[in-house]
Amino acid sequence: MSRLAMCLGRRYVPKPPMKLFVLLAILTDCRRDTLDSPDALRAALDAAVAAGPFTGLGTLVVPFSPQGVTACAVVGESHIALHTWPEEGRLFVDVASCSTKESVERALDAIRAVFPEGKLAVLDERVLDGGVISSVAR
């Protein structure tokens with residue numbers, strides 16, 4: 001028992017290291033009209049937050065001119081961000097959570113359901129574990 005713990009009259013139990021589960025993905029061949037729809041992006045974020053399940057704290061959806069949308073949900077566990085390139089049929093997905101690996105995977109699955117024609121071209125999953133970064137195969 002440490003001196004501090006003895007002074008406080010209790011046993012010190014160290015916290016486990018922080019873990020952050022990060023998923024980055026690119027979907028290709030998505031429909032241009034869906035990629036350029038702020039409503040579709042908001043629906044994708046709402047579905048991802050519910051699927052996590054995450055604690056939704058706020059959502060921002062920003063359409064760009066002449067095309068494209070960026071949407072972000074701040075959640076109690078971290079964030080979900082979507083960026084679109086309608087002219088290329090691409091959607092970039094960024095999900096980070098201190099919850100579980102499964103929660104970020106469920107979020108991606110929910111987003112993909114809004115873009116069913118999209119093909120998963122890139123998937124990068126990582127675990128940031130107390131300062132150590134490791135890739136995760138899916």
Side-chain angles (χ1 to χ4, degrees):
M1 187 180 309
S2 72
R3 286 182 188 220
L4 176 60
M6 287 189 292
C7 290
L8 296 174
R10 61 180 180 240
R11 184 180 168 133
Y12 172 72
V13 179
K15 290 183 180 181
M18 177 273 311
K19 280 191 180 185
L20 186 67
F21 300 91
V22 179
L23 182 149
L24 304 172
I26 296 176
L27 301 181
T28 59
D29 299 327
C30 297
R31 289 179 39 167
R32 287 180 63 127
D33 61 328
T34 308
L35 289 172
D36 210 26
S37 167
D39 292 337
L41 273 284
R42 184 176 298 278
L45 283 178
D46 290 346
V49 170
F54 299 118
T55 307
L57 300 176
T59 302
L60 179 64
V61 179
V62 180
F64 293 96
S65 180
Q67 60 202 2
V69 180
T70 291
C72 184
V74 176
V75 296
E77 299 78 8
S78 194
H79 70 271
I80 304 168
L82 306 174
H83 310 281
T84 72
W85 286 267
E87 69 278 16
E88 296 179 11
R90 293 179 184 255
L91 171 68
F92 176 77
V93 179
D94 171 2
V95 183
S97 171
C98 61
S99 181
T100 65
K101 176 181 179 288
E102 292 76 22
S103 66
V104 297
E105 291 172 345
R106 286 191 300 267
L108 176 62
D109 291 342
I111 293 164
R112 290 186 70 189
V114 176
F115 299 91
E117 67 290 332
K119 295 180 179 77
L120 186 61
V122 175
L123 177 62
D124 185 357
E125 294 180 275
R126 297 183 183 247
V127 179
L128 284 68
D129 186 359
V132 176
I133 300 174
S134 57
S135 293
V136 177
R138 182 173 188 187

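For the single chain, residues carry numbers from 1 onward in sequence order.
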Would you say that L82 contacts T70 through its side chain, given a criterion of any heavy-atom pair below 4.5 Å between the two side chains?
no

Could you go through E105 and K101, starting from their C-alpha distance and side-chain angles, then the distance that decides it, and tell me whether this counts as salt bridge (charged side-chain N to carboxylate O under 4.0 Å, His left out)?
CA-CA 6 Å; E105 291 172 345; K101 176 181 179 288; 2.4 Å; yes

Flag the pair V69 / L35 as yes when at least one side-chain heavy-atom distance between them is below 4.5 Å, and no otherwise.
no

Treat each ILVMFWY residue as a node, draw an edge where side-chain heavy atoms are under 4.5 Å apart, and state whether V74 and V93 are in one component.
no

Considering all heavy atoms, the nearest D36-P66 contact:
OD2-O, 4.3 Å

So which heavy atom on C30 is nearest to which on L27, and how close?
SG-CB, 3.8 Å

Please report the shortest heavy-atom distance between A40 and V114, naming the atom on each side.
O-CG1, 3.8 Å

Excluding sequence neighbours, so at least two apart, what forms ring-ring contact (aromatic ring centres under 6.0 Å, His included) with F64?
none

Using the side chain to side chain donor-acceptor pair (under 3.5 Å) rule, collect all pairs that involve residues 45-67, keeping only residues at least two apart or in two chains.
R32-Q67, T55-E77, Q67-E87

For the student: nearest non-hydrogen atoms of A48 and I80, plus distance
CB-CD1, 3.8 Å

Indicate yes or no: at least one non-hydrogen side-chain atom of C98 is less than 4.5 angstrom from one of F21.
no

Do you reckon L60 sits in the same ILVMFWY cluster as F92, going by side-chain contacts under 4.5 Å, direct or chained?
no

Any donor-acceptor pair under 3.5 Å linking the side chain of R126 with the backbone of V22?
no

Spell out, as yes or no, whether a donor-acceptor pair under 3.5 Å connects the side chain of R90 to the backbone of T28.
no

Any non-hydrogen side-chain atom of L23 less than 4.5 Å from a side-chain atom of L123?
yes

Side chain D124, main chain L24, donor-acceptor under 3.5 Å
no

Closest non-hydrogen atoms of A73 and L45, given as atom of the first, atom of the second and distance, are N-CD1, 3.9 Å

Check whether any side-chain heavy atom of T84 lies under 4.5 Å from a side-chain heavy atom of L41, and answer yes or no.
yes

Apply salt bridge (charged side-chain N to carboxylate O under 4.0 Å, His left out) to K19 and list each qualifying residue two or more places apart in sequence or on a separate chain.
none

Just wondering, do H79 and S97 contact through their side chains at under 4.5 Å, heavy atoms?
no

Can you name the nearest heavy-atom pair linking L120 to A25, along with the distance?
CD1-CB, 3.9 Å

